[in-house]
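Sequence lines set the chain letters: A, B, ... in the order given, protein chains first and strands last, and positions in each chain run from 1.
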Number of protein chains: 2
Amino acid sequence: MKVLIVEDESELAKDITQYLLAEHYVCEVAGSYREAEQKIALYDYDCILLDLMLPDGNGLQLLEQLQQQNKQEGIIIISAKNATDDKIKGLQNGADDYLTKPFHHAELSARIHSVIRRKQFAHTNIIENHELTIDLLAKTVKVHDQLVPLTKKEFALLLFFISNKNRVISKGALAEHLSGDMADMFDNHDFIYAHVKNLKKKLQQAGCDNYLTTMYGTGYKWEN
Amino acid sequence: MKVLIVEDESELAKDITQYLLAEHYVCEVAGSYREAEQKIALYDYDCILLDLMLPDGNGLQLLEQLQQQNKQEGIIIISAKNATDDKIKGLQNGADDYLTKPFHHAELSARIHSVIRRKQFAHTNIIENHELTIDLLAKTVKVHDQLVPLTKKEFALLLFFISNKNRVISKGALAEHLSGDMADMFDNHDFIYAHVKNLKKKLQQAGCDNYLTTMYGTGYKWEN
DNA sequence: CTTCTACTATCAGCACCTTCATGTTGGCAA
DNA sequence: TTGCCAACATGAAGGTGCTGATAGTAGAAG
């Protein structure tokens, strides 16, 4: 977990760094608008603590910039008391949270934790296809909200079918995709039969309709 | 990449040459101690395959000589089975790796590749690979600048994987590389499972992507 | 030297992958 | 339609890899 602290008051920055280190976060400090810009370009931080008052620019600008780059996640604004105007603008512009100086360490920690968690959930890539729900991160498949335990190969197979749905997929392509070995493109594809069978069986047992049709002499097609 | 093959059995030398040519290495053969000496004086090879039993001298002498000239890097000893004595002396005298006849082509290729990579890194002592930073001198591994404590075996394993990345590595090769005992090439490889598991676990916990895929019935491959 | 700790190796049980033998289906030609 | 062959499906079997627990081992500390 890597945190960027954008703050020109080096005393405060050091203080925060020290505390977050103890919390097992990895920290970097940017003392100016420009420095922040550079660091963000180089690395995707899990969380950014952003002071709006910077010697060479306003943090709100940085916020807008990040939003345009789809990097707006995980930003916590830290600013002086009573700057309610900034707070409103900041949250409108995509900041995730707001903290007024001075603040307690524990509070900061809680905010960061919350923001990072939210960000991780935002990343959970989920594919929905009729009664099927595929979680790419957790590598799980649900049918009607009921978990279907699939093996790696079965999962890969299902994913490949659904991402190429309504298209015919040759067994050669399947073999290559599953084994990652080009050699398998040419010789025997017996193992495909087995995996397809097992996948179909598991899905069917979970109450999922059969969308997979075999195209005789050609391959398979997932239709829906 | 230029490889010198010091081997008096012309049949074997020719065989190796042919294979390495296909692997896009440039090869030269020296059939005797003297010939090897001459060729090495003329050109800095990236890798030297050294048979210890030569008609006009012992390869170990050559090894010592090269070490005195600071040319000791990139040497792989190839020798008859059960010559454990030679192996120990060879590795003590600065050889980078050891291979017993007969060996598989793929195995040789992997070793050469590994040795050449190591030679290239000999100057920097730091290998960077995506979020991984490996310090060969300090024997430390970092993920996102955060230290990951690895045991010797785990470290050796990771290094071997990364030095041969995008190639399939047999468990036999791993076993020999880790234990330094060629007997392990043939019998049981159970301990490999344990080390691979522990390594993967530690890397994953540190937030490192999983680049290691197992090639069923073949070995492992580090892909990135 | 003894104790302690961290590391390494081994094992059994399980899940998974692949292959094989056999049964079934679909296309094609007579 | 019938028969044939190739493509596909299926269940069983054996090999392979993963995992947690456990025992052995070496190095460090006292």
Can you say whether the rings of A:Y211 and A:W222 are parallel (under 30°), tilted (30 to 60°) or perpendicular (over 60°)?
->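 Answer is tilted, since the angle falls between 30° and 60°.
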Please figure out whether B:H195 or A:A194 has its closest DNA chain C nucleotide nearer the 5' end.
->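 Taking each residue's closest nucleotide, the earlier one in sequence belongs to B:H195.
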Side-chain contact test, heavy atoms from C-beta onward, threshold under 4.5 Å: evaluate it for A:I16 versus A:L49 and give yes or no.
->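 They are in side-chain contact.
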Starting at atom [atom1] of [X], determine the distance to atom [atom2] of [N], rounded to an integer number of angstrom.
X      : N      : atom1 : atom2 : answer
B:I192 : C:dT10 : CD1   : P     : 11 Å
A:H189 : D:dA7  : NE2   : C1'   : 13 Å
A:M215 : D:dA6  : CE    : C1'   : 18 Å
A:D190 : C:dA21 : CG    : P     : 11 Å
A:K200 : D:dG11 : NZ    : C1'   : 16 Å
A:L150 : C:dA15 : CG    : C1'   : 14 Å
B:K153 : C:dA9  : NZ    : C1'   : 10 Å
B:N198 : D:dA21 : CG    : P     : 13 Å

May I ask you to say whether A:K165 pairs ionically with A:E223, meaning some side-chain N is under 4.0 Å from a carboxylate O?
->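 Result for this pair is no, no salt bridge flagged.
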Look at A:Y216 and D:dC5 and indicate whether a side-chain polar atom (N or O) is within less than 4.0 Å of OP1 or OP2.
->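 Checking A:Y216 against D:dC5: no side-chain N or O falls below 4.0 Å of OP1 or OP2.
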A:T151 side chain near C:dC17 phosphate (N/O to OP1/OP2, under 4.0 Å) =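 Checking A:T151 against C:dC17: at least one side-chain N or O falls below 4.0 Å of OP1 or OP2.
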For the side chain of [X], counting heavy atoms from C-beta on, which of [options] is nearest?
X      : options               : result
A:Y193 : C:dT18, D:dG17, D:dA9 : D:dA9
A:Y220 : D:dC18, C:dT19, D:dC8 : D:dC8
B:K197 : D:dT19, D:dG15, C:dT8 : D:dT19

Would you classify B:K201 as touching base, sugar-phosphate or nothing, given that sugar-phosphate means primed atoms plus P, OP1 and OP2, and contacts are heavy atoms under 4.0 Å?
->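 Nothing, no nucleic acid heavy atom in range.
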Heavy-atom count around B:K39 NZ within 6.0 Å, excluding the residue itself: above 12?
->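 Yes, enclosed.
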A:I76 vs A:I48, side-chain contact (heavy atoms from CB on, under 4.5 Å): CA-CA, chis, key distance, verdict = CA-CA 6 Å; A:I76 297 174; A:I48 299 175; over 6 Å; no
Does B:G219 or B:K152 map to a spot on DNA chain D nearer the 5' end, using the closest nucleotide for each?
->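 Per heavy-atom nearest nucleotide, the more 5' residue is B:G219.
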